[in-house]
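Labels below follow one simple rule: chain letters A, B, ... track the order of the sequence lines, proteins then strands, and each chain is numbered from 1. Nothing here was measured: the structure is a model prediction, and the numbers come from that model.
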Amino acid sequence: MKEKKETEEMTNFIYYMIKEDLEKGLLENKCVHTRFPPEPNGYLHIGHAKAILLNYTLAQIFDGKFNLRFDDTNPIREEQEFVDSIMEDIRWLGADWGDRLFFSSDYFDVKYQFAIRLIEAGRAYVCDLSQEEIRNYRGTLTEPGKESPYRNRTVKENLDLFERMRNGEFADGSRVLRAKIDMASGNLNMRDPVIYRILHTRHHRTGDQWCIYPMYDFDHPFSDALEGITHSLCSIEYTDHRPLYDWIVDNALELFPEAVKFRSRQTEFARMNLTYTVMSKRKLRRLVEEKYVRGWDDPRMPTIAGLRSRGFTPAAIADFQERVGVSRADSTADLALLEHCIREELETTAPRLMVVLDPIRVVITNWPAGKKEEIMMENIPGNENAGTRQVPFSGEIYIEREDFMEDPPKKYFRLAPGKEVRLKGAYIICCEEVIKDTAGNVTELLCSYDPQTKSGGDTSGKKVKGVIHWVSIEHAAGVKVNLYDNLFTIENPETERDIDFISYINPESLEVYEDVPAEPAVAEANPGSRFQFLRKGYFYLDPLAAGNEKPVFNRIVALKDSWAKVKKKG
RNA sequence: UGGGGCGUGGCCAAGCGGCAAGGCACGGGAUUUUGGUUCCCGCAUGCGUAGGUUCGAAUCCUACCGCCCCAGCCA
């Protein structure tokens, strides 16, 4: 990943909290140690990127450590496929976990021992209530719960039952292990939470070794303690779980001190939403399953895989997260900010190319027949190191259909009958005649060029306001272009109540141009590299389509278009 | 009507009793062979509301209002 961030750049409350912990010596002789704990049951999205980058960056800033730990305590939901994709995504983002890749399931054995100690201390018991009974006994938001009739079993009986649970003597759902806390607590999480359940399900890592599995609230704090995590960051909905987190760690410290590397503390921060998209796993899955997108990695998806195939860069995503910041308030970041970040990066790094998306033929009537001229163009204006390239120019070219108007408004600087415009890097041309088909559609423009106006050596003294891009027809290479736009038409499709978010899908979120003329230099472009199509936007040469007949370019983001604003205002 | 969290400009977000940072967006102007970039300028008499404390309040106190989360043997 890029160099460590200047600490001055990080100004969020978690950064200051850690800094204070360090100053007060609260970490004793430990270094800052964070972790990212994904459950391997789905794809990561840009909201996860916030958590990954926060944890990783914090560890970097303070010279600490960062663990990747898969939270795989529920064998029913988890699969190896997701472990692989998650690791790929995190690696791509640049968060390096070194040799600290862990799985919650690695510690099932110690966790079992810890559960036994809890039982021995009289702080956990085996409960025979059915799932429904447990729910009823729990009470409601406004009424306290009732104690389970099994709450006061003897330690001996609990130990025996728990062992038999582990040995597979009981059916799924018939018994659970519960922490004995407080059935009257206003915090439902403290009403004797279930900490182990019976699940005769094969686990993706431990196989059939276990038929009882720990619950998150028991597992997570203890895993943190085992790994010596100093700062356990999580999203805001876990705030209610913090007392339970502390209960577990305190008990571990008291009953199983030799297993605890550090008494970690949980700190919550708000998750991020993004405008013009949805973030919930359920909704993303629906988009995939109902084929509104081609898959989890569709370039319109807010998944890490989607952003990657769209052409976004890890640096732009990190910059975006940095600018969004971290707080405890619900927030929806503006997609415009993410777009700004990628444009800012690509402005100085992406070589330019001329491609005409919607071509109209231009014949330069006074151009010597058959003559070809090589035009030298800068790859990245203002950056000499990026070099130059030759672009062939001839008497028949394509220009963008929208760069010509038969009856232009006042502020239109492009081509129009009798008007002049500069062809980028080449000459100034003047539109002499408009040719139409029988339906009245413009099919071709007859123009004249002024030999005095060659770029770099213009002796005409002419000043034209408009400069347009072009491609020589004879020398053009064909490319396929995918124009991506927002997947949804409204800013917050997720928060609209009573209306199915599917109805806000943007029918024009993908526009495909099968064969579009591009300057011949495209042939040398490397798959996976990014370009600016002059005046159009930033594009990513799809590496997945590398074998195709034509190169495939995905639009990452369009260039800002102030003309569109002028037009709208009239 | 139980518990918890949060309310600072359109979107984020600093601020922690001394008189509202910054970014994006937006508006205006300059430069420009990308209507891009860059560069200037503008953009909260106001910090959910109402009271109170104080010489002084976004910051402290009180009450109220609004939004979010919690009743999985999910994480």
*Asks:* Hey, does the side-chain of Glu143(A) have a donor or acceptor N/O within less than 3.5 Å of a partner on the base of G2(B)?
*Replies:* no
*Asks:* Just so I know, are the side chains of Pro243(A) and Asn189(A) near enough to count as touching, which here means a heavy-atom distance under 4.5 Å?
*Replies:* no
*Asks:* Filter on salt bridge (charged side-chain N to carboxylate O under 4.0 Å, His left out), then keep only pairs touching residues 170-181 of chain A, sequence neighbours left out; what's left?
*Replies:* Asp128(A)-Arg175(A)
*Asks:* According to the Watson-Crick and G-U wobble definitions, with both distances under 3.5 Å, which nucleotide is paired to A58(B)?
*Replies:* none
*Asks:* With sequence neighbours left out, write down each residue that passes salt bridge (charged side-chain N to carboxylate O under 4.0 Å, His left out) with Asp217(A), or none if nothing qualifies.
*Replies:* none
*Asks:* Can you check each nucleotide of nucleotides 23-33 of chain B against protein heavy atoms at under 4.0 Å and return B for base, S for sugar-phosphate only, - for none, in 5' to 3' order?
*Replies:* SSSSSS----B
*Asks:* Among all residues two or more places apart in sequence or in another chain, which pass the side chain to side chain donor-acceptor pair (under 3.5 Å) test with Thr313(A)?
*Replies:* Glu345(A)
*Asks:* Does any part of the side chain of Ile212(A), heavy atoms only, come nearer than 4.5 Å to the side chain of Phe162(A), both counted from C-beta?
*Replies:* yes
*Asks:* Just call it for Glu339(A): base, sugar-phosphate, or nothing, with non-hydrogen atoms closer than 4.0 Å on any strand.
*Replies:* nothing
*Asks:* Scan every strand shown for a Watson-Crick or G-U wobble partner of C64(B), both distances under 3.5 Å, and answer none if you come up empty.
*Replies:* G48(B)
*Asks:* Is the distance between the ring centroids of Tyr216(A) and Tyr238(A) under 6.0 Å?
*Replies:* yes
*Asks:* Going 5' to 3' along nucleotides 64-75 of chain B, which nucleotides have protein heavy atoms under 4.0 Å from the base (write B), which only from the sugar-phosphate (write S), and which from neither (write -)?
*Replies:* ----SBBBSBBB
*Asks:* Is the shortest side-chain heavy-atom distance between Val355(A) and Phe539(A) below 4.5 Å?
*Replies:* no
*Asks:* Does Val83(A) have any side chain to side chain contact (heavy atoms under 4.5 Å, CB included) partners at least two apart in sequence or in another chain, and if so, which?
*Replies:* Pro40(A), Phe70(A), Gln80(A), Met87(A), Phe103(A), His204(A)
*Asks:* Can a side chain N or O of Ser331(A) be found less than 4.0 Å away from OP1 or OP2 on C12(B)?
*Replies:* no
